[in-house]
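Shown next, in structure tokens, is the structure this report addresses.
Throughout, protein chains are lettered first and strands after them, A, B, ... in sequence-line order, and every chain is numbered starting at 1. Given the structure is predicted, the values throughout are model-derived calculations rather than measurements.
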Amino acid sequence: MTDLLSGLNPPQREAVVHGDGPLLVLAGAGSGKTRVLTHRVAHLISERSVPPSAILAITFTNKAAGEMRDRLEQLLGGLARAVWAGTFHSTCARILRTHAERVGYSRNFTILDQDDQTRLVRSCLNEAGYDPKAHPPRAVLSAISDAKNRLQSPEQVAAETGSFEDEVVAAIYQRYADRLRASEAVDFDDLLMLAVTLLENDDEVRAGYQGMLQHVLVDEYQDTNHAQYRLVRVLGEPQRNVFVVGDDDQGIYSWRGADVRNILDFERDYPESATIALEQNYRSTGNILAAANAVVENNHDRHPKRLWTDRGDGDPITVLACRDEHEEARAVASEAERRVSEGDSLDGLAVFYRTNAQSRVIEDQLVRRGLPYQVIGGPRFYERAEIRDLMAWLRSAVNPADELSLARLIGAPRRGLGPACLERLRGVAAQSGVPIADVLLMPEHHVGLNTRQRDGLAATGRGLAEIAEANRNGTPLDQIIELALEVSGLTTALAKETGIEAEGRLENLQEVARVSLETGERPDAESPLAGFLEDVALESDGDKVRDGVGQVTLMTIHNAKGLEYPAVMLTGLEEGLFPHSRSETIEALQEERRLCYVGLTRARERLVLSHAESRALHGGRDFRLPSRFLGEIPAECLDAPRPRRSAPRAVTAPPAVTAAPDFTTGDAVVHATFGDGIVTAVEQGGDLVRVRFRQDGAERRLMAGAAPMRKTGE
DNA sequence: ATTCAACGCTTTTTT
DNA sequence: AGCGTTGAAT
């Protein structure tokens, strides 16, 4: 394959043909890292005769893995199919299913999602006699998750408690882990932790994988956590052909345990490693890059680098000052309409925001104007209550030990069965040593229950048995799901309800059977249903981005990682929203800034930044100041300020700080965020002022029209 | 024992 | 605005 290297620049080429040993590729945004990864794999196979099955490529989403496989197939043909490409979680799930018995699990273990996890933590808190109000389940869960990411067992956590809260966490962690075990269930963090534990402690299993794998490649390395790091390390031995690609400026998951130091420390951990930096950007115009560079340069603790392009400046960036979120939404819709009228596809337009809640008003406007769109993330299809009900039946049929699913399906559909019934079942099961699913089928044990409840339980047991039998005898997946819908009584119950909502929910349920046929083959799954359940559990929002369908794409910036669009609108650039008010520490603020950097660098040609002066939030309405990130963008990258107002400003103007547009050098000013300062220079004909602030002594360039700043009287 | 309606509270990002 | 809890009705 001679063309494997053509079209690559020298550092890209160097990375692709790198010999043995570890390599760190510091790949700036838009520098062609996906291409480098793919071509590296192709190079290994076609030029270095590495067997495809000896290569493991870990990507951030399943979609990225699929795209890599497609691309490899174009380069190499069917040979490429044997490359093992997946996400960290799917890779670990596959390892664990293969060796389940070695970690003391059934091969049919259930993978819990966040909602299941929170419920279970809540239940553990209640069981242990702690008040969920004093110890928010989400916070406790997050602490447990942190511990698992550090690969700490409940015992280890218990040994290191330093406060009462730590002790609560340790106690709940222990209880939570026990409940998971009893239910043959694992959470997302267990997938990583159990796989690492297995590989590190089981010589035979480890030897198997280490003997099979010659090369490990990891994308988005900056967002790996400690457990993921350990997985890569153990799988990379003994050859240490570990090829990691990342960008410390794009680390946006530290709150999830990702450790940017993994990338900064790579050279220390692999002293023999080489480093290659990719700084030429092939994606964005000069103005967009200049803005992104300028913003991220306000961060410390980064590998110094500066993206460059030979594409020219391109159009200036547009900043829209909107009155409120509705006007911002109208601006989004107008941008979409403008695109259509200019003959461009809506596929090329993406709208980003910091929080999922922001999508609603934007959706309203797009619907109103008949503009097609897709929302990535937010409440997911599989997280709807009725779908979760159905999934509980399916999961229980595959994994009879799954008590969480059992608890859910007992009450769905509503038929006079509730928590009390479940408690009784658990009691009987514990006494007799019979699995709960079997107790369901034995009405003689249903003492103390009324006829209706007894009948209900027996019917539930029969239904589950029927689904399980269908799964066992190879009934097609969609028919199993249809069967589950029927024997569970879910459709019957919904059909009785009136109203448009029930209709929608009924349609959603039917949709599951239809969608189930679209999932790919899973040769490692025990049954198509088991494979489907795992797909659903490990599916990420990013996997659902569809392109080529003529729709505007709406998503959080977190979901935008790794994507690019000709036109990007970054909305809600307001203090308190972006950067988010919960990001108070320096570290958190720097991560917000990296997030901003990620958002800006998704744009190829057109970039629109918007902020609203007031925004409705949790019921009330707040006045909002423009984000400091806007102030960090050099004015020469920006369009002339273009306030977007559909009503006279006086009517709705915030009573807060009002900008005085005519600053002169030497003026004493006060800024909403930075406090007191002195104007040191006026640039761009008065649009931009330089101000040195007393608070930190730093000089900042601010937009005179947009900055939340006014002159102070002497 | 279950279900439903009203109330009050908390609000980031996600594999 | 959405969720979990609480209290009353069935």
Side-chain angles (χ1 to χ4, degrees), chain A residues 58-65 86-93 111-115 117-119 122 125-126 131-133 136-139 141-142 145 148-149 186-192 220 223-225 227-228 251-258 352-361 376-380 383 385 410-424 448-450 452-453 456 534 536-543 555-561 572 576-584 588 591-592 594-596 598-599 615-622:
Chain A
I58 300 178
T59 55
F60 199 66
T61 62
N62 293 300
K63 184 167 182 254
T87 64
F88 272 104
H89 289 88
S90 71
T91 302
C92 289
I111 301 172
L112 263 52
D113 66 21
Q114 165 122 36
D115 192 70
Q117 293 178 44
T118 315
R119 275 170 205 274
R122 182 182 300 280
L125 281 165
N126 283 328
D131 179 7
K133 273 180 190 150
R138 297 284 297 253
L141 179 61
S142 156
S145 174
K148 289 188 177 184
N149 287 153
V186 301
D187 63 18
F188 288 124
D189 304 311
D190 285 333
L191 288 172
L192 300 170
E220 307 284 7
D223 281 321
T224 53
N225 60 35
Q228 291 167 330
I252 55 175
Y253 284 104
S254 72
W255 50 273
R256 191 168 91 183
F352 301 151
Y353 34 78
R354 177 66 178 83
T355 66
N356 283 302
Q358 289 167 251
S359 75
R360 193 165 222 133
V361 267
I376 307 303
R380 303 183 204 179
E383 284 167 11
I410 280 265
R414 302 213 179 286
R415 56 204 190 289
L417 306 179
C421 271
L422 183 68
E423 266 321 300
R424 191 146 299 177
L449 299 177
N450 63 39
R452 204 181 135 203
Q453 289 169 324
E534 180 160 316
V536 168
L538 297 182
E539 180 183 47
S540 76
D541 289 324
D543 298 335
M555 67 181 109
T556 62
I557 309 166
H558 281 91
N559 269 317
K561 188 162 82 142
L577 186 60
F578 193 26
H580 198 272
S581 52
R582 297 271 305 243
S583 302
E584 287 156 343
E591 180 147 314
E592 294 285 307
R594 290 194 292 271
L595 192 57
C596 183
V598 168
R615 184 176 293 274
L617 211 59
H618 14 262
R621 174 164 290 281
D622 290 345

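Under the stacking definition used here (centres under 5.5 Å, planes under 30°), the residue A:H558 fails to qualify as stacked on the base of B:dT13. Both geometric conditions, a ring-centre gap below 5.5 Å and a plane tilt below 30°, are fulfilled for A:W255 over the base of B:dT13.
Counting non-hydrogen atoms under 4.0 angstrom, A:E591 reaches nothing in the nucleic acid. A:F60 comes within 4.0 angstrom of nothing in the nucleic acid, heavy atoms only.
If you look at A:F352 and A:F578, their ring centroids are not closer than 6.0 Å.
With rounding to whole Å, A:H580 atom NE2 is found 12 Å from B:dT10 atom C1'. With rounding to whole Å, A:N149 atom CG is found 12 Å from B:dT14 atom C1'. For A:L141 and B:dT12, the CG to P distance is 15 Å, given to the nearest whole Å. In this entry the distance linking CD of A:E539 with C1' of B:dT14 reads 13 Å, nearest Å. Here B:dT13 presents its P atom at 17 Å from CG of A:D223, a figure rounded to the nearest Å. Rounded to whole angstrom, the span from the CZ atom of A:R360 across to the P atom of C:dA1 amounts to 8 Å. The distance between atom CG of A:D541 and atom P of B:dT12, rounded to the nearest whole Å, is 16 Å. When the C1' atom of B:dT11 is taken as reference, atom CD of A:Q358 falls 13 Å away, rounded to whole Å.
A:R119 is linked by a side-chain hydrogen bond (donor to acceptor under 3.5 Å, both in side chains) to A:D115, counting only residues two or more places apart in sequence or in another chain. With sequence neighbours left out, A:E220 forms a salt bridge (Lys or Arg N to Asp or Glu O under 4.0 Å) with A:K33, A:K561. A:D543 is linked by a salt bridge (Lys or Arg N to Asp or Glu O under 4.0 Å) to nothing, counting only residues two or more places apart in sequence or in another chain. Applying the salt bridge (Lys or Arg N to Asp or Glu O under 4.0 Å) test to A:D190 and every residue at least two apart in sequence or in another chain returns A:K148.
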Find every protein N or O atom lying less than 3.5 Å from an N or O atom of nucleotides 1-3 of chain B, and list the pairs.
from: B:dT2; atom 1: OP1; to: A:G418; atom 2: N; distance (Å): 2.6
from: B:dT2; atom 1: OP2; to: A:A420; atom 2: N; distance (Å): 3.1
from: B:dT3; atom 1: OP1; to: A:G416; atom 2: N; distance (Å): 3.1

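In this structure, A:T556 reaches the B:dT14 phosphate: one of its side-chain N or O atoms is under 4.0 Å from OP1 or OP2. OP1 or OP2 of B:dT13 has not a single side-chain nitrogen or oxygen of A:R354 nearer than 4.0 Å. Under 4.0 angstrom from either OP1 or OP2 of B:dT13 there lies no side-chain N or O belonging to A:R138. Between A:N559 and B:dT14 there is a side-chain polar atom (N or O) within less than 4.0 angstrom of OP1 or OP2. Distances shown here put every side-chain N or O of A:N356 at or beyond 4.0 Å from the OP1 or OP2 atom of B:dT12.
Listed here is the closest heavy atom pair of A:G572 and A:R615: CA-NH2, 3.4 Å. Residues A:Q117 and A:L112 come closest through the heavy atom pair NE2-O, 3.7 Å.
Going from the P atom of C:dG4 to that of B:dT13 covers 16 Å, rounded to whole Å.
With no hydrogens or angles considered, no side-chain donor-acceptor pair links A:S145 and A:S142 at under 3.5 Å.
Ring planes of A:H89 and A:F188: perpendicular class, angle over 60° (limits at 30 and 60°).
For A:Q114, the listed nucleotide lying nearest its side chain is B:dT15; candidates were B:dT11, C:dA1, B:dT15.
Proximity of a side-chain donor or acceptor of A:R594 to a complementary backbone N or O of A:G251 within less than 3.5 Å is detected.
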(message) I'd like to compare against my own output: the B/S/- annotation of nucleotides 3-10 of chain C with a strict under-4.0 Å heavy-atom distance to protein.
(response) -SS-----
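A donor-acceptor contact under 3.5 Å links the side chain of A:H89 to the base of B:dT15.
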